Chemist: 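Here it is, the structure in full.
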Amino acid sequence: MVDTGHASSDNSVIVTKGLTKRYGDVRALSDVTLSISRGVIFGFLGPNGAGKTTAIRILMGFLRASAGSANVLGHDVWSNGVAVRRNVGYLVTADALYPDMAGSAQLDFAARLSGRSPRLRERVREAVELDEASLQRRLGTYSKGMRQKLAIIAALQHDPELLILDEPTDGLDPLIQRNFEALLRELRDRGTTVFMSSHDLAEVERTCERVAVVRRGGLVANETVADLKRRYHQVATVRFAGDVPSGLTAIPDVQLVGREDGVVHLSLGQDVNALLRFLATTDVRDFSLQPPRLQDVFMDFYDTDDIPADRRGAKERPL
Amino acid sequence: MTVALLVGRLLRRGVGGTLALVAGILVFQLLEPLIADSMGGAQGLQSLVETLPPGMQAIARLDPQFVALSGLAGFLSFGYTHPLYLVLISSAMVGFAARSLAGEIDRGTIAVALARPISRRSIYAARVAGLVALSAALSLAGTAGTLIGVLVARPEGELTYAHLVQLTMTAALLAWAIGGLTLWASAGSSTSGRVVGMATAVLVISYFVDYFADVWSVLEPLAPYSLFNYFDPAHALVNGAIRPLDAAVLSLSGLIGVVAGALIFDRRDLPV
């Protein structure tokens, strides 16, 4: 890809075309084409070994793509990696920090290497709740969670245009996770783009507007979280006062997926009106509607090869 | 500026071990003049060497004629071909070269710099600068030890102090050659243990080839392939000179290692 030296005119911050990484006969990443716009929080999902970290390492210029191209902030990641990294905040793994340095010295060192003032340091430090006294201690005395907090501060402190975060909340407690998510949204609102991988699908669902799902090195989905969930069926659980009435399955776009002692589980599309009209004519004791969760969508990508896309979502529901 | 920052970090990391090796070299070389003095200076040494059977002289690489001709300077140079000195200087150079690239890749700490707007060439240049600084420190430590020992013990015999410059240079060239070649291996590896193993194997073979080539004529043709064949501290300390071939081989060995390592590091995948 041509290195334009500035973000492309369609406002894309990350653009990959046919990105492929091979190790001998093994394809770690296969033909991944992505375009990520400025000012979004983008989730990059997949199980271990799916190719997420390989993709991130290519974007950072640590690995060289076997084929295809990757362009970040208008620069080719391999031939002009220095320009890319000038405006990127990358979260190094917590174990990669220097154990012989104090936390504050580590942050100062990272800021000097970045060549930019750490103007967000205090804001991020507050968000992840790492106290000043801890920053004066050597990293060798830190817990895993504290090292992760320090790595987060080091990645964000210079207020970069793009954040590339691999498992950012790994090792953080739920309260700090929520603070961190709020911080990401705050930065997103100011125009920062966030590209993050995570195993915590609830976190991704809360934080990301768009997600891409990789499987065996290939991209299997790339859309907004809302669109992804919309493609999946909701599950309605209905408890009838008496016998389960016949005719439920005759309702358009409704499927019976489970039945037990007067309780039925129904898979249905986005329109619930037809079902509600039918239920109004019956004696219903209890009714609940569970919207599709990202976790269900995600699990389907990995567990289901043969279920048609329009029927996915119901399979994993507890009956 | 960035390179200086990285060099500072590299040298501070593992500084305890490095200082111990530097101190070890200084103390070891300091002992040589004290030993010389306790044996009655150059003449006493010559008498002592002459009492050894020829086989023992060969194994100990002590030539009475050499001692007779070279005097105190010749005896002091033995401290620089002693296996302990070579082990200390090799350990420091191999350790630094292995730790600073392969070790950092292994631990992932190299990502701290790689994730910043710093070119791989700058990151590599910092390692080379570190090698140069360490070579200088190790060679100067040896010379300082010798000088302090001579000034303190004042052993009988002639020593031209100006020749310590050539001695320092030849020691620095050996350290540079060892460090440069190890950095080459380090640039292509992702585990420091493997690099240390490879470098140690090469150095041990190189040392024994050089050693046995002196006492076993069968191995004599192999001597030019040993790095230690081009390290002649006796010539530096006695004559105040470094043979051009020795200087060329040692400096080029280090340079070839450094350049080859740069080419590898610039292109390789870094799984951090």
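The sequence lines fix the lettering, A, B, ..., with proteins before strands; numbering per chain opens at 1. Computed from a predicted structure; not experimentally measured.
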Chemist: Between the main-chain N or O of B:R116 and the side-chain N or O of A:R85, is there a donor-acceptor pair closer than 3.5 Å?
Modeler: yes
Chemist: So, taking the atom named CG in B:L270 and the one named CZ in A:R64, what distance separates them when rounded to the nearest 0.5 Å?
Modeler: 12.0 Å
Chemist: Please look at B:D106 and chain A and tell me whether the side chain, the backbone, both or neither of the residue comes under 4.5 angstrom of a heavy atom of that chain.
Modeler: neither
Chemist: I need the minimum non-hydrogen distance between A:Y90 and B:A115, along with the two atoms involved.
Modeler: CD2-CB, 3.6 Å
Chemist: How would you list, in number order, the residues of residues 176-206 of chain B that have a heavy atom less than 4.5 Å from chain A?
Modeler: none
Chemist: Is any side-chain heavy atom of B:R12 closer than 4.5 Å to one of A:M101?
Modeler: no
Chemist: Where on A:A154 is there a heavy atom nearer than 4.5 Å to chain B: the side chain, the backbone, both, or neither?
Modeler: both
Chemist: Between A:S114 and chain B, which part of the residue has a heavy atom less than 4.5 Å away: side chain, backbone, both or neither?
Modeler: both
Chemist: Nearest 0.5 Å, please: how far is CG in B:L5 from CG in A:L113?
Modeler: 5.0 Å
Chemist: Listed by residue number, which members of residues 51-61 of chain A have a heavy atom under 4.5 Å from any heavy atom of chain B?
Modeler: A:R57, A:M60, A:G61
Chemist: Does atom CZ of A:R137 have more than 12 heavy-atom neighbours from other groups under 6.0 Å away?
Modeler: yes
Chemist: Answer yes or no: are there more than 12 heavy-atom neighbours, outside A:Y23 itself, under 6.0 Å from its atom OH?
Modeler: yes
Chemist: Is it true that a side-chain atom of B:R107 and a backbone atom of A:D95 form a donor plus acceptor pair closer than 3.5 Å?
Modeler: no
Chemist: Between B:R13 and A:Y98, is NZ or CZ placed under 6.0 angstrom from the six-membered ring centre and within 45° of the ring axis?
Modeler: no
Chemist: For B:G108 versus A:A96, what's the shortest heavy-atom pair and its separation?
Modeler: O-CB, 3.2 Å
Chemist: Based on non-hydrogen pairs under 4.5 Å, which of B:I110, B:L114, B:T2 is most in contact with chain A?
Modeler: B:L114
Chemist: Report yes if the side chains of B:V272 and A:V92 come closer than 4.5 Å at any heavy-atom pair, otherwise no.
Modeler: no
Chemist: Name the region of B:R268, side chain, backbone, both or neither, that has any atom closer than 4.5 Å to a heavy atom of chain A.
Modeler: backbone
Chemist: Find the distance between CG (A:L97) and OG1 (B:T109) and round it off to the nearest 0.5 Å.
Modeler: 9.5 Å
